[in-house]
Amino acid sequence: MKAVENQQLESCAAWGLDPQRIPKHVAIIMDGNGRWAKERGESRVFGHMNGIDSVRASVEAALELGVNHLTLYAFSTENWSRPVEEVNALMDLLVETLIKEVEALADKGVRLRTIGDTGALPTSCQAQLKLAAEQTAHQENLELILALSYSSKWEMVEAVKAVMASGLKPEEVDAQVISDHLTTRDLPDPELMIRTSGEHRISNFLLWQMAYTEFHFSPVLWPDFGKEEFIGAIRDFQNRKRRFGGLLDTNHNVESR
Ligand code: FPP
């Protein structure tokens, strides 16, 4: 553990980053695979396949800097409306990637989990995700969270149903109760959200959890988003003044709840 921490300090020094202000939780909307492929006269699936290198680069950068949680928006509830060939190809890519990468993830100390309506995924995906979660369950360097068949509105509806079923009285429901019924109940809120490809939207992603998150919008298409771009997003984050609705200017990573 000490060796990991020393390596993180060295990396921060090498990249000119403050090790005290590395966001604990980074969330990413990986956008632009289709456009990246189109620019090359290739199918959209080719873009998704090349997006895997960027997933690897972001995981490695997160590990190197000491980010604790990395949430990737890999498949939204709305993505089910894409052509069936693309949906199937994405599911196959997920299974293949898990099979190929799970050992390397475990070796690096990455624990894998999901958020979302994963029961809607093909059974082969569900089985591979379960296996990957089991095989990495004891890893502690970084938690990699794949948002699959996820949307914030789906999650909030599920949370409301669970709160109602819990028998709590209306006057007993507060913001903490809602947070405690979300799929992210055991996670700190993301401090930084990155969206690639020049789009400036949240797209139904962690709406509740991102009340005070800093946003970094990169013009780079996801398959071109490498380690340097990830580091650049962290640098941008470290230059922000976070006030959480108060008057105090703070450059410290105060927990937002
Ligand atoms: C958005 O680009 C990207 C997606 C909907 C899928 C992202 C998925 C991956 C990169 C693979 C993830 C796999 C693992 C194992 C995490 P887009 O298709 O909307 O691009 P466009 O806006 O240019 O059309």
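Note that the structure is predicted; figures quoted are calculated from it, not measured. First listed ligand is number 1; within each ligand, the first listed atom is number 1. For the single chain, residues carry numbers from 1 onward in sequence order.
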Nearest protein heavy atom to [atom], by residue and atom, and its distance?
atom                    : result
atom 4 (C) of ligand 1  : H48 CE1, 3.9 Å
atom 13 (C) of ligand 1 : I52 CD1, 3.6 Å
atom 20 (O) of ligand 1 : G34 N, 3.0 Å
atom 5 (C) of ligand 1  : N79 OD1, 3.6 Å
atom 19 (O) of ligand 1 : R82 NH2, 2.8 Å
atom 10 (C) of ligand 1 : N33 ND2, 3.4 Å

Could you check I194, I202, L192 and say which one makes a side chain to side chain contact (heavy atoms under 4.5 Å, CB included) with F215? I202
Smallest heavy-atom separation, L221 atom then G32 atom, equals CB-O, 3.8 Å
Give the minimum heavy-atom separation between G47 and A37, together with the two atoms involved. N-CB, 3.6 Å
Is it true that, when you exclude [X] itself, more than 12 heavy atoms of the residues, nucleotides or ligands shown sit nearer than 6.0 Å to its [atom1]?
X    : atom1 : value
E228 : CD    : no
H200 : NE2   : yes
E103 : CD    : no

Is there a donor-acceptor contact under 3.5 Å from the side chain of E158 to the main chain of L182? no
Verify, without hydrogens or angle tests, whether R235 (side chain) and L17 (backbone) share a donor-acceptor contact under 3.5 angstrom. no
Assign the ring pair F205 / Y73 to parallel, tilted or perpendicular, where the plane angle (0 to 90°) is split at 30° and 60°. parallel
Contact check: [X] vs ligand 1, nitrogen or oxygen atoms, below 3.5 angstrom:
X    : answer
R44  : yes
L146 : no
E86  : no
D31  : yes

Which part of L98 is near ligand 1, with near meaning a heavy atom under 4.0 Å away: side chain, backbone, both or neither? neither
T97 and ligand 1 - part of the residue with a heavy-atom distance under 4.0 Å: side chain
Below 4.0 Å from ligand 1: does a non-hydrogen atom of [X] turn up there or not?
X    : result
A74  : yes
E101 : no
L94  : yes
L221 : no

Proximal candidate to atom 22 (O) of ligand 1 [heavy atom criterion; set R35, M91, E96, M30]: R35
In sequence, state the C-alpha distance, the side-chain angles, and the governing distance for Q238 and E214, and then conclude on side-chain hydrogen bond (donor to acceptor under 3.5 Å, both in side chains). CA-CA 10 Å; Q238 293 199 340; E214 297 294 327; over 6 Å; no
